[in-house]
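Here the structure comes first, spelled out in structure tokens, and everything after it is commentary.
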There are 4 protein chains.
Amino acid sequence: MGAVKTKRMPRAVREQQMLDAAVRIFGQRGYMAASMDEIAELAGVSKPLVYLYLNSKEDLFTACIRREATALTAAVRAGVRQGLPADRQLWDGLRAFFAHTAEHPDGWSVLHLQARTHGEPFAAEVAAMRTEIVAFVTRLVAVAAREAHRDPGLPEHEVAGLAEALVGAAESLAAWANATPGVTARQAAATLMNFAWSGLGDLMRGHMWAPPADES
Amino acid sequence: MGAVKTKRMPRAVREQQMLDAAVRIFGQRGYMAASMDEIAELAGVSKPLVYLYLNSKEDLFTACIRREATALTAAVRAGVRQGLPADRQLWDGLRAFFAHTAEHPDGWSVLHLQARTHGEPFAAEVAAMRTEIVAFVTRLVAVAAREAHRDPGLPEHEVAGLAEALVGAAESLAAWANATPGVTARQAAATLMNFAWSGLGDLMRGHMWAPPADES
Amino acid sequence: MGAVKTKRMPRAVREQQMLDAAVRIFGQRGYMAASMDEIAELAGVSKPLVYLYLNSKEDLFTACIRREATALTAAVRAGVRQGLPADRQLWDGLRAFFAHTAEHPDGWSVLHLQARTHGEPFAAEVAAMRTEIVAFVTRLVAVAAREAHRDPGLPEHEVAGLAEALVGAAESLAAWANATPGVTARQAAATLMNFAWSGLGDLMRGHMWAPPADES
Amino acid sequence: MGAVKTKRMPRAVREQQMLDAAVRIFGQRGYMAASMDEIAELAGVSKPLVYLYLNSKEDLFTACIRREATALTAAVRAGVRQGLPADRQLWDGLRAFFAHTAEHPDGWSVLHLQARTHGEPFAAEVAAMRTEIVAFVTRLVAVAAREAHRDPGLPEHEVAGLAEALVGAAESLAAWANATPGVTARQAAATLMNFAWSGLGDLMRGHMWAPPADES
DNA sequence: AATGAATGAGACTTCATTCAT
DNA sequence: AATGAATGAAGTCTCATTCAT
């Protein structure tokens with residue numbers, strides 16, 4: 001079963017097949033446990049061809065990260081339409097995010113788990129994607145604050161912190177939804193939206209929770 | 001020269017030294033990249049002794065997970081006093097959680113990253129700990145609901161998702177606080193508490209955010 | 001961009017380009033370390049073409065040896081004019097030899113180092129050249145002997161040994177002159193000539209150095 | 001045939017067995033063509049043990065060079081007694097040199113051919129040995145000049161050049177003697193001694209050969 | 001005349017694990 | 001209680017070589 005062993009394909013096509021296989025293996029086994037043998041076999045080619053096209057295990061992994069990161073940010077961007085109210089934009093973005101991670105669980109595993117588990121060549125690659133998504137959320141939170149006519153209700157770094165928290169929560173939830181049978185991506189998105197939007201709304205209305213004074 | 005070679009220690013002590021070393025190496029390198037050689041050297045013993053006491057790499061890793069999970073749940077339990085108001089209990093629990101993980105980063109890495117990145121023998125081990133923490137949060141939510149004279153009304157898996165989101169948000173915030181000058185870890189924790197508590201409170205008061213009706 | 005890709009050249013020309021590239025790579029990297037990939041790239045052609053024209057790595061190396069050996073003996077022959085006194089012929093021959101090897105260091109490396117370092121297919125190829133050079137020196141010695149009105153009296157293998165010693169001495173001197181400021185290559189050649197000619201002359205006049213009698 | 005598979009030997013012994021095998025394989029096949037598999041098999045151990053003790057192919061090769069170089073210089077030093085006339089010292093040194101290289105042809109191949117054929121980590125290792133031998137010969141030539149009461153007959157750099165030439169000649173002759181059946185080490189030594197001593201004697205008596213004036 | 005696509009075989013190296021003391 | 005000596009298995013990567021156009 002699997003890929004029919006079609007021969008003599010143009011390079012670009014073969015490269016994509018290899019990346020498909022690599023994402024799957026890396027996502028399931030992890031970077032170290034993945035073997036180039038297995039990847040090559042799943043791609044339906046011989047190992048030397050993988051090396052010819054993608055240089056090394058490290059480069060192959062980097063290429064996977066880059067491709068998956070690009071695809072994910074593109075999916076989120078495509079899911080959102082500017083001009084709509086902030087909560088609607090957030091909801092659309094979250095849905096796109098969770099839908100994409102649910103459809104590409106191995107890709108998300110590569111980005112969220114595997115790339116972070118290993119050293120510097122890879123972490124930086126993911127950081128770029130994350131920065132972009134955080135910036136998107138930050139903008140949304142700011143818009144929401146403006147819509148609530150509460151400038152300058154939230155100091156700038158508070159907004160940034162909330163965006164970070166939101167993205168982190170989404171990332172974790174996506175992995176959890178993928179790993180937990182019976183939880184659909186949409187449910188996870190709704191839970192988060194609910195949670196986040198209520199919290200944000202409260203904050204913007206000035207209902208801050210104050211830490212107790214008596215601490216060691 | 002180098003580590004003083006204290007010999008003939010009782011077995012229990014030696015085992016702890018080995019686990020210390022193993023947690024450190026596993027936490028930093030990951031399960032696959034960690035080598036028994038390095039662990040034995042860091043523990044100051046020969047490799048056969050590690051095998052004599054801990055059987056295999058897999059068993060050693062399992063022992064690490066178990067020890068670190070126990071330590072973490074104990075720390076959280078110790079940080080919370082029952083009888084206080086729910087928000088205070090949550091705040092105390094969060095503080096204990098983050099204090100412990102900050103003090104034992106390798107242990108936390110083992111639990112949160114490494115154990116999840118690899119197959120079934122290990123994931124089950126972490127599940128136990130996760131269950132306990134979720135139970136703690138669930139209880140808090142129940143307490144809060146009682147305080148608000150309301151039926152908690154949150155299904156079990158919703159609570160699990162919230163716990164997951166909370167941890168993800170916290171990790172994100174911790175990393176962000178670490179990388180952003182002018183933001184202390186405690187401020188970040190307060191932001192998180194704020195965010196979470198408001199959201200939870202709203203949810204329990206029945207203020208649910210409603211997804212828009214027009215969807216594909 | 002890069003090397004101009006002149007296509008459709010007549011076979012003879014292409015072959016020379018390939019041999020040029022091969023001699024350079026073989027001379028610098030050695031037979032085993034040289035890769036057909038690198039040779040093809042330096043020659044500006046694709047690998048299959050190299051195989052089409054030169055069959056195999058072994059055949060390619062043999063062709064290199066043959067070409068370089070022929071060139072070297074031709075250069076020496078061209079540098080010497082018969083009829084001149086023997087010492088003048090030797091001096092001219094040495095100069096031609098060193099001029100050629102200095103101008104074609106990779107070729108000389110192929111002949112002198114690489115070909116000897118590997119087994120039988122190649123050593124035989126060099127032997128032919130060596131035979132010719134030894135014959136040249138032998139003839140010179142004979143001429144010198146005639147000039148001195150003496151029977152040369154040097155057995156064949158003695159001459160071969162002297163030739164070997166001469167080449168070794170010359171190589172050593174060349175490297176030394178190269179590394180020592182204030183010593184030109186020509187001075188080194190003169191020193192060698194001096195050394196060699198005196199020794200040869202003495203030998204032919206029958207002034208043999210006698211090993212001491214008391215030996216174990 | 002060969003090494004009986006004796007097990008559990010002390011490390012120092014095993015290391016020597018490995019070096020023995022490595023020198024033989026490296027000397028016969030060359031650095032690149034030698035395979036660690038073959039070396040391990042000839043040494044009668046498994047490959048991992050070779051790596052455990054000697055780290056890498058490169059380190060193993062370096063260790064070979066170092067051991068053989070030390071052995072060779074020691075043999076030459078042991079063959080010479082100071083206080084004897086210079087020609088006697090030279091003769092003894094040459095005999096020791098040729099005897100050693102004849103008894104250890106693979107070692108000599110490693111030093112003379114293989115180490116020079118490959119890049120910088122190794123060439124430096126041989127250079128040290130060579131420097132020591134050249135210094136020894138330089139001293140001898142100077143002593144000979146003094147004995148001939150011809151100070152300052154030979155300028156300093158001329159002495160150095162002659163020593164270089166002598167050593168180079170000896171090196172080449174040794175390899176040639178090893179590779180040529182029917183030529184004993186002692187014959188080679190005598191030929192070189194004859195050649196060199198006569199030349200040196202002539203030079204020191206002022207009989208210099210003058211290059212012809214008419215050159216391009 | 002020339003090449004892009006592809007691979008079988010084998011190299012170096014590392015690792016978890018055991019044996020004998 | 002503890003270790004020096006040793007290895008089978010597997011991993012990444014390279015290379016000479018061929019096929020189909």
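Just so you know, these numbers use all the heavy atoms, side chains as well, and skip hydrogens, waters and symmetry mates. Each chain gets a letter, A, B and so on, in the order the sequences are listed, and its residues count up from 1. This structure is a prediction, so every number in the text was calculated from the model and none was measured.
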- Message: Can you tell me if D:Arg66 has over 12 outside heavy atoms packed within less than 6.0 Å of its CZ?
- Response: no

- Note on the structure: C:Leu52 atom CG is separated from E:dG4 atom P, nearest whole Å, by 15 Å

- Any strand, both distances under 3.5 Å, Watson-Crick or G-U wobble: F:dA2 pairs with E:dT21

- Message: Can you see whether C:Phe26 has C:Lys57 sitting over its ring - NZ or CZ less than 6.0 Å from the centre and within 45° of the normal?
- Response: no

- Query: Within the structure, does a side-chain N or O atom of D:Arg11 lie under 4.0 Å from either OP1 or OP2 of F:dA5?
  - Reply: no

- Item | Which residue lies more 5' along DNA chain F, comparing D:Pro10 with C:Met36 via nearest heavy atoms | D:Pro10

- Query: To the nearest Å, how far apart are A:Glu15 CD and E:dA6 C1'?
  - Reply: 15 Å

What N/O pairs connect the protein and nucleotides 18-21 of chain F at under 3.5 Å? Give each pair on its own line.
unit_1	atom_1	unit_2	atom_2	d
F:dC19	O2	A:Arg8	NH1	2.8
F:dC19	O2	A:Arg8	NH2	3.2

- Note on the structure: Rounded to the nearest 0.5 angstrom, the CD-CG distance for A:Gln114 and A:Asp106 is 9.5 Å

- Item | Integer-rounded Å distance: F:dC15 P and A:Leu49 CG | 16 Å

- Item | Derivation and outcome, side chain to side chain contact (heavy atoms under 4.5 Å, CB included), residues D:Leu60 and D:Tyr53 | CA-CA 9 Å; D:Leu60 173 57; D:Tyr53 285 177; over 6 Å; no

- Remember a base hit wins even if backbone is also touched, and classify A:Ala33 as base, sugar-phosphate or nothing at under 4.0 Å, heavy atoms. nothing

- Message: On DNA chain E, compare the nucleotides closest to C:Val45 and D:Tyr31; which residue's is nearer the 5' end?
- Response: C:Val45

- Figure out the CE/C1' separation between A:Met32 and E:dA16, and round it to whole Å. 14 Å

- For D:Arg11, which of D:Arg14, D:Glu15, D:Met9 qualifies under side chain to side chain contact (heavy atoms under 4.5 Å, CB included)? D:Glu15

- What integer distance in Å separates A:Tyr53:OH from F:dC13:C1'? 17 Å

- Determine the contact category for D:Ala40: base if any of its heavy atoms lies under 4.0 Å from a base atom, sugar-phosphate if only primed atoms, P, OP1 or OP2 are that close, otherwise nothing. nothing

- Query: When the distance from CG of B:Asp37 to P of F:dA6 is rounded to whole Å, what number comes out?
  - Reply: 16 Å

- Note on the structure: Between CD of D:Gln17 and C1' of F:dA6 the distance, given in whole Å, is 13 Å

- Separation of atom NZ in A:Lys57 from atom P in F:dT14, rounded to whole Å: 15 Å

- Message: Looking at B:Arg14, I'd like to know whether one of its side-chain N or O atoms comes within less than 4.0 Å of OP1 or OP2 on F:dA2.
- Response: yes

- CD/C:Glu41: more than 12 non-hydrogen atoms of other groups inside 6.0 Å: no

- Item | Residue matched to F:dA10 through Watson-Crick or wobble contacts both under 3.5 angstrom | E:dT13

- Task: Kindly give the heavy-atom pair with the smallest separation between A:Leu111 and A:Arg116, and that separation in Å.
- Result: O-CG, 4.2 Å

